[in-house]
Structure formats: C-alpha cells, structure tokens
Amino acid sequence: MTAVPLHDWDLAPREAIALQRRLAGRVERADRLGPVRHIAGVDIGFEAQGEITRAAVVVLAWPGAPGGEFAVVEEALHREPTRMPYVPGLLSFREVPAALAAFEQLTVRPDLVMVDGQGIAHPRRLGVASHLGLWLDLPTIGVAKSRLCGRHGEPGPERGDWSPLTDGPEDEVIGAVLRSRAGVKPIFVSPGHRLSLTTALHWVTACLGRTKLPEPTRLADRLASRRGEKSR
DNA sequence: GCGACAG
DNA sequence: ATCTTGTCGC
C-alpha cells in the first residue's frame with residue numbers, strides 16, 4: 001500500500017499542496033453509498049485563544065421524525081493542541097487529524113458524513129470534506145457557510161432553490177449555492193467523496209430542520225463550540 | 001503588482 | 001474560528 005503515514009499531516013505548504021493534487025485524483029464523484037441509517041455531522045471549534053482544537057462528531061439516526069427532528073445516536077468530542085494556523089486552501093491539514101481522532105471514539109460507523117467546510121469546491125478539488133472522506137473511506141458532503149472559490153448567481157428565494165457553483169476555464173460545476181432557508185444567506189454544498197452533487201443536495205435538503213444549517217452539521221457545530229451547556 | 005481567501 | 005450586548009422579528 002502507499003498509504004500516507006499520519007505524521008505527514010505536518011507538511012510545509014509546498015508539500016501539502018502537492019499532496020492535495022495527488023489525493024484529488026482519488027476522490028470519487030460517482031455515487032457509492034450503501035443503505036443510509038446513520039448520518040454524521042463533523043465540525044471543529046477552538047478554545048484557549050485557538051491553542052486547543054475541539055473536534056466534534058454527532059451521529060443521527062435516519063430517518064428522523066416528520067418535523068425534522070433526528071435522534072442522536074452517539075456523540076464524540078476530541079481535544080488536542082492546535083497543530084497549525086488557518087491557511088486558506090489548507091484547512092484539512094489543520095482540522096482532519098482531530099476529526100479522525102473523534103471518529104475513533106465512535107462505536108457506530110456512519111453511512112454518510114456532512115462536514116463543515118468545502119468538498120471539491122476547492123482550488124485543487126480537495127476541500128476538508130473530500131480529504132476526510134478519503135481517510136475514512138466514507139461518503140462525505142461539504143457544507144460551508146461561505147465561498148472559497150468559484151462563481152455563482154444568486155439562488156432563488158425559496159427554501160431548496162439553488163444555483164450552480166462553477167470554476168475554472170471550462171466552468172466546471174463544483175457545487176451548489178443552496179437557499180436552505182428563506183430570507184437567509186445561502187450555504188455552499190459540494191460533494192466530498194463517493195457521491196454526486198445531485199445526491200449531496202438530496203441529503204442536505206432532507207436533513208434541513210428549521211435552521212440554515214442541516215441538522216448533522218448544526219449539532220456538531222454546537223458541540224464543537226460547547227454551546228450545549230448554555231441556554232438551558 | 002492587485003485582490004480573494006472554507007474555518 | 002473566536003472575542004461579545006443588545007436588539008429586531010417571527
């Protein structure tokens with residue numbers, strides 16, 4: 001095997017970019033999902049002025065209740081010293097190691113994973129969702145709150161309306177700008193690994209509750225930012 | 001050289 | 001991402 005050892009997470013920007021180019025070629029954009037019974041949400045937060053990284057994973061049962069509520073099957077939180085600063089385009093090297101550690105705590109292996117960040121909607125087509133998907137060998141979807149690269153028009157006003165996110169000279173479609181809630185800034189959805197954009201949109205839409213973010217990501221976000229203790 | 005830039 | 005109060009609106 002030509003597996004990259006874990007210590008190679010600490011690479012100089014130059015090498016990290018070269019690695020992304022190689023890994024991008026291994027990302028699968030065609031659907032390869034099994035039956036979906038468990039959907040996970042992943043997000044990373046920080047504490048102590050960014051010195052400590054908090055990786056949170058929340059596993060939900062599919063399907064949920066009619067009202068858009070899902071049963072939480074399991075939660076995992078991993079804390080570790082932050083390994084590197086935020087560098088646009090190299091986010092996965094900062095967040096994926098901690099996310100993998102959190103996944104190791106799980107007793108159930110999710111069938112689909114939603115990650116806070118971009119999938120292939122990345123300069124080298126290897127956003128954090130794609131990178132994590134490759135390491136876990138699981139279908140992943142990138143759900144970002146803002147744009148990293150690409151061009152797009154304004155999506156329609158209704159929940160579910162979306163417009164394609166394109167990039168490059170060939171106008172390659174790399175994701176979708178989705179109106180997840182009326183009257184709110186849209187979210188950026190892109191395939192991470194092992195699924196198409198159409199399928200990614202299907203699942204993100206299916207997991208929308210009353211808020212802007214789909215439930216998996218929203219709950220992971222809350223746990224990573226330790227907001228679960230507050231407001232109660 | 002001048003912007004743009006997930007979390 | 002995180003630091004932070006009140007405030008506008010359903």
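Per chain, numbering begins at 1; letters A, B, ... match sequence-line order. Note: hydrogens, waters and symmetry copies are ignored here, and every other heavy atom, side chains too, is used.
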Exercise. With a 4.0 Å cut-off on heavy atoms, is A/Gly50 in touch with a base, just the backbone sugar-phosphate, or nothing at all?
Worked result: nothing
Problem set entry | d(CZ, A/Arg94; P, B/dG7) in whole Å | 12 Å
Problem set entry | A/Ala144 side chain, from C-beta outward: closest of C/dC3, B/dC5, B/dG7 | B/dG7
For this session: With heavy atoms under 4.0 Å as the rule, sort A/Leu90 into base, sugar-phosphate or nothing.
Result: base
Problem set entry | Spacing between A/Ile52 atom CD1 and C/dA1 atom C1', to the nearest angstrom | 14 Å
Exercise. How long is the line joining CZ of A/Arg222 and P of C/dA1, in whole Å?
Worked result: 16 Å
Problem set entry | Side-chain N or O of A/Ser225 closer than 4.0 Å to phosphate OP1/OP2 of C/dT2 | yes
Exercise. Between A/Glu75 and A/Arg222, does at least one N-O distance fall below 4.0 Å, as a salt bridge requires?
Worked result: no
Problem set entry | Spacing between A/Ile44 atom CD1 and C/dA1 atom P, to the nearest angstrom | 11 Å
For this session: Please work out if A/Gln49 contacts a base, only the sugar-phosphate, or nothing of the nucleic acid, heavy-atom cut-off 4.0 Å.
Result: nothing
For this session: Look at A/Ser146 and B/dC5 and indicate whether a side-chain polar atom (N or O) is within less than 4.0 Å of OP1 or OP2.
Result: no
For this session: Measure the distance between the ring centre of A/Tyr86 and the centre of the six-membered base ring of C/dA1, then answer whether it is under 5.5 Å with planes under 30°.
Result: no
For this session: Whole angstrom is fine here: how far is it from CG in A/Leu165 over to P in B/dC5?
Result: 12 Å
Seminar exercise, completed: Atom CG of A/Leu91 and atom C1' of B/dC5 are separated, to the nearest Å, by 12 Å
Exercise. Within less than 4.0 Å of OP1 or OP2 of B/dG7, is there a side-chain N or O belonging to A/Lys145?
Worked result: yes
Exercise. CZ of A/Phe46 versus P of B/dG7: gap in Å, rounded?
Worked result: 11 Å
Exercise. Base, sugar-phosphate, or nothing for A/Gly45, non-hydrogen atoms under 4.0 angstrom?
Worked result: sugar-phosphate
Problem set entry | Residues forming a side-chain contact (heavy atoms from CB on, under 4.5 Å) with A/Ala48, sequence neighbours excluded | A/Glu51, A/Ile52
Problem set entry | Salt bridge A/Asp116-A/Lys145, side-chain N to carboxylate O under 4.0 Å | yes
Exercise. Are A/Val184 and A/Leu208 connected, step by step, through hydrophobic side chains (Ile, Leu, Val, Met, Phe, Trp, Tyr) whose heavy atoms are closer than 4.5 Å?
Worked result: no
Seminar exercise, completed: Whole-Å distance, A/Arg147 CZ to B/dG7 P, equals 12 Å
Exercise. Once the angle between the rings of A/Phe93 and A/His131 is folded into 0 to 90°, is it parallel (under 30°), tilted (30 to 60°) or perpendicular (over 60°)?
Worked result: perpendicular
